[in-house]
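Following: one structure in structure tokens, then a few remarks.
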Amino acid sequence: MALKLFDSRRRKKVAFKPLHGKTVSMYVCGVTPYDTTHLGHASTFTFFDTLSRYLALRGFDVRYVQNITDIDEDILKRARETNTEWRGLVKRWSARYIENMRRLNVCWPKRYYRATDFMGEMAAMVKRLMRMGLAYESGWAVYFDTAKFKRYGYISSFTHKQMVYLLTEREEHPDYANMKRPEDFRMWVRSRYWEPSWDTAMGTGRPGWHIECATIINTLLGPKIDIQGGGSDLMFPHHEDTAAILDSISGDGPYASHFMHTGMILKNGEKMSKSLGNLIMLSDLLKRYTPNAIRWVLLSHHYRSVWELDMDELRRADERVRRVERAIKSHGGDTGAGMERFFDAMDDDMDTPRALEVLEEAGGGRSAAKMFSTLGFA
Ligand SMILES: [Zn+2]
């Protein structure tokens, strides 16, 4: 069987064929480091780490880029609220995030890219879009004019009404008054004197979130890539806005062949979110459970499913992973029978729950050891 991956845009599993031979370009939207890593982050980044490991096992040369959004309105807000200097805040939480990922044995991406390292490129991108007549200046900011991008919203296929509802719910745009229509988004902000700013071709200012990812993709991989990854809440507006920028630049689209979105983890039937204050923190789980047990539970739910964490599952996972470890250590023999079934499971849109069953049934040997490390257990 050939590898098939789901594409959110086409809403189906499609054969995975990279744009450039055996090289896979993958971009996964990273964290905004002003708070601790929660289970949703752990789930998303563990999945894309596992996908990279599997692609590498399949003989692909994986070019995985993940950003760190180290300048953003949320960071400035948190810095104000806690009376801390924003750079210190970013440095502290970035380091903790990377440390948390290491503990979960997340070894992809090989390095993280900071948005602030691309200021010149971002300003040039905004300038280019202005010259193309796709942006307008209003108030303190420069906005993308979504009315000029005819296919706006093609990934989610949301209606105008749904988009406005989501934008309002997520408070993405506090400055409707300055915009031509609610879907338009801020690409550049002219900083006031007390706010952080960079001197660029766009003058003194700072970038908006969507231009950050679009620019990093365009600079390091794109404008067209094989896989755009992230949590399902990033599909709109973030990936739609990234598409508006990148497809305008390339004059083509879609910018990603596969949009891969991970499902939400619920708590008591509700979405985990900062605003509801019901986040499960990874650092708390790591105090009580091994990284392997946490990883087992994350992979025992298909990446697109919406699920709820059950603490009993973590205890059981700990026993299961230890049993597999013991089997790998003690068994010299290897029937090799499981490997084919493992490939079948993983080729079917990364069916990790099935792959874990195959691993448990393999009962040790070299094949089991290979499955174990491909799934990212340490
Ligand atoms: Zn992004």
Side-chain angles (χ1 to χ4, degrees), residues 7-9 25-35 37-38 40-41 43-45 47-49 51-52 63-75 90 93-94 97-98 101 106 108-109 111-119 121-122 125-126 129 144 146 149 152-156 163 166-167 170 172-173 183 185-189 206-250 253-262 264 274 303:
D7 173 26
S8 306
R9 180 179 66 87
S25 50
M26 174 158 86
Y27 184 85
V28 178
C29 297
V31 291
T32 304
Y34 65 94
D35 216 330
T37 316
H38 59 73
H41 293 136
S43 169
T44 295
F45 300 122
F47 171 70
F48 287 104
D49 171 66
L51 175 60
S52 302
R63 294 182 64 198
Y64 175 172
V65 173
Q66 188 183 131
N67 67 312
I68 288 185
T69 301
D70 61 346
I71 180 69
D72 186 77
E73 301 310 310
D74 285 337
I75 292 171
V90 159
W93 288 115
S94 301
Y97 165 67
I98 292 167
M101 289 302 111
V106 167
W108 290 86
R111 63 164 285 193
Y112 296 89
Y113 291 88
R114 281 160 224 285
T116 51
D117 289 336
F118 295 84
M119 282 298 161
E121 288 90 344
M122 285 181 213
M125 187 88 119
V126 177
L129 292 163
F144 189 97
T146 53
F149 182 68
Y152 186 79
Y154 71 75
I155 307 163
S156 62
M163 289 185 194
L166 287 169
L167 288 171
R170 292 175 190 163
E172 285 279 343
H173 294 301
E183 292 94 325
F185 55 92
R186 213 152 47 173
M187 291 195 288
W188 192 262
V189 187
R206 62 182 190 274
W209 177 30
H210 314 303
I211 198 80
E212 290 183 4
C213 285
T215 303
I216 297 173
I217 291 173
N218 191 48
T219 308
L220 299 176
L221 302 168
K224 290 181 101 175
I225 57 174
D226 295 306
I227 298 168
Q228 163 73 70
S232 58
D233 54 340
L234 294 188
M235 177 154 53
F236 177 80
H238 186 52
H239 293 157
E240 298 289 9
D241 293 349
T242 307
I245 296 167
L246 287 174
D247 291 2
S248 299
I249 293 287
S250 71
Y255 79 90
S257 309
H258 294 260
F259 289 92
M260 297 184 74
H261 293 112
T262 51
M264 291 282 129
K274 231 164 257 171
Y303 77 92

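Read the numbers this way: they start at 1 and go in the same order the structure lists the ligands and their atoms. Worth knowing before you read on, the calculation uses all heavy atoms, side chains too, and leaves out hydrogens, waters and symmetry mates.
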Non-neighbouring partners of Asp74 that pass side chain to side chain contact (heavy atoms under 4.5 Å, CB included), sequence neighbours left out: Tyr34, Asp72
Count, waters excluded, of protein N, O or S atoms under 2.8 Å from the Zn ion (ligand 1): 3
Heavy-atom side-chain contact between Tyr64 and Asp49 under 4.5 Å: no
Just distance, no hydrogens or angles: give the donor-acceptor pairs under 3.5 Å from side chains in residues 221-235, sequence neighbours left out.
| unit_1 | atom_1 | unit_2 | atom_2 | d |
| --- | --- | --- | --- | --- |
| Lys224 | NZ | Asp252 | OD2 | 2.9 |
| Asp226 | OD1 | Leu19 | N | 2.7 |
| Asp226 | OD2 | Ser25 | N | 2.9 |
| Asp226 | OD2 | Ser25 | OG | 3.2 |
| Gln228 | OE1 | Tyr255 | OH | 2.7 |
| Gln228 | NE2 | Tyr27 | O | 3.4 |
| Gln228 | NE2 | His239 | NE2 | 3.1 |
| Ser232 | OG | Thr262 | O | 3.4 |

Salt bridge present between Glu212 and Arg206 (N-O < 4.0 angstrom): no
Test of ring centre spacing under 6.0 Å for Tyr152 and Phe144: no
Partner residues of Phe48 under the ring pair (Phe, Tyr, Trp, His ring centres under 6.0 Å) criterion, sequence neighbours left out: none
